[in-house]
Amino acid sequence: MQLEINNLSKTYPNGVHALKNISLTINNGLFGLLGPNGAGKSSLMRTVATLQDADSGSIFLDDLNVLENKDAVRKTLGYLPQEFGVYPNVSALELLHHVALLKGVTNSRQRNELVNALLVQTNLFDVRKKKLGGFSGGMKQRFGIAQALIGSPQIIIVDEPTAGLDPTERNRFLNLLSEISEQVIVILSTHIVDDVRELCSQMAIINKGEVMFAGHPEVAIAGLRGKVHTMFTDKETARQIAKEHQIISTKFNTGKIEVHIYSTQPVPGFSPINAGLEDVYFTVINKLSA
Ligand code: ADP
């Protein structure tokens with residue numbers, strides 16, 4: 001499977017130019033769509049999920065024209081929106097059966113097998129009879145994935161799924177996505193760099209509606225080799241450094257300020273360090289290497 005997005009643009013009626021000529025190629029595996037709030041991630045995800053139209057451009061899922069064959073696309077797509085509401089008074093088991101019925105799994109034996117397999121896969125089997133209203137954030141998100149998987153979608157889109165999850169739940173959720181993505185395209189939209197760091201084999205960084213980088217995270221990191229330098233300092237010196245250098249990030253670290261700067265040359269007083277994905281993110285967003 002391949003998702004090919006070409007020159008996609010969208011301006012909302014209020015004049016916000018949310019997508020500017022977005023072009024991306026996405027293959028099977030976990031794809032991280034990274035960008036700050038307001039970058040256009042949800043606009044792009046909703047367009048791919050056939051929930052809103054673009055002004056121009058095209059999206060193809062292999063040979064299928066996504067924007068012109070919405071019904072066909074919906075049959076092969078699982079979507080977990082940012083705000084995923086559940087019916088609080090029904091159990092995971094009941095709601096999964098209900099969704100499976102709606103999606104046409106009418107044979108009760110097949111439905112039982114499918115629902116049980118999904119509950120096991122998403123680690124919810126033990127709590128299957130519990131009411132969804134009592135689920136934690138992570139359990140709700142995993143339930144969202146279970147319902148999105150009904151109908152064997154070829155492409156799964158999850159929009160900012162880890163916001164508000166504790167570290168254990170976040171890991172469990174990301175591992176689940178990674179596992180699923182062995183066979184299908186999974187697009188994970190997020191503003192959290194760590195979500196993308198370990199598991200995504202492909203990624204893009206978008207900002208203000210534009211693709212700033214697309215490729216493999218490791219390639220992006222390699223591109224910064226020798227160009228990130230660090231110093232631990234105090235507030236006043238950090239302020240001074242900001243006037244003289246291209247700042248990637250400043251962070252409080254054990255009572256000091258850790259400054260990362262971008263430079264192609266060695267910088268007196270700074271030590272070169274191995275770049276991380278966060279350095280890539282800030283360098284790209286702030287166009288430091290331009
Ligand atoms: P992200 O998901 O990266 O936070 P969004 O796609 O939600 O970004 O938003 C991109 C820009 O488009 C923002 O400036 C946002 O305010 C604007 N926007 C999003 N949805 C709408 C809408 N339905 N009508 C008008 N403006 C919108």
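Residues take their numbers from the sequence shown, with the count starting at 1. In this text the structure is predicted, and so the values were computed from the model without any measurement. All ligand and atom numbering here is 1-based and tracks the order in the structure.
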Run through the side-chain heavy atoms of Ile, Leu, Val, Met, Phe, Trp and Tyr, join any pair under 4.5 Å, and report what else lands in L101's cluster. none
Is it possible for you to check whether R170 lies under 6.0 Å from the centre of the six-membered ring of F173, through NZ or CZ, and within 45° of that ring's axis? no
Validation row, ring centre Y262 to ring centre H245 under 6.0 Å: no
Test log, rule side chain to side chain donor-acceptor pair (under 3.5 Å), inputs T25 and E4: CA-CA 5 Å; T25 302; E4 186 88 43; 2.9 Å; yes
Any donor-acceptor pair under 3.5 Å linking the side-chain atoms of T237 with those of D234? yes
Show me, by chain and number, every protein residue that has a heavy-atom distance under 4.0 Å to ligand 1. Y12, N14, V16, A18, P36, N37, G38, A39, G40, K41, S42, S43, R46
Pick out which of L149, L80, L30 makes a side-chain contact (heavy atoms from CB on, under 4.5 Å) with I156. L149
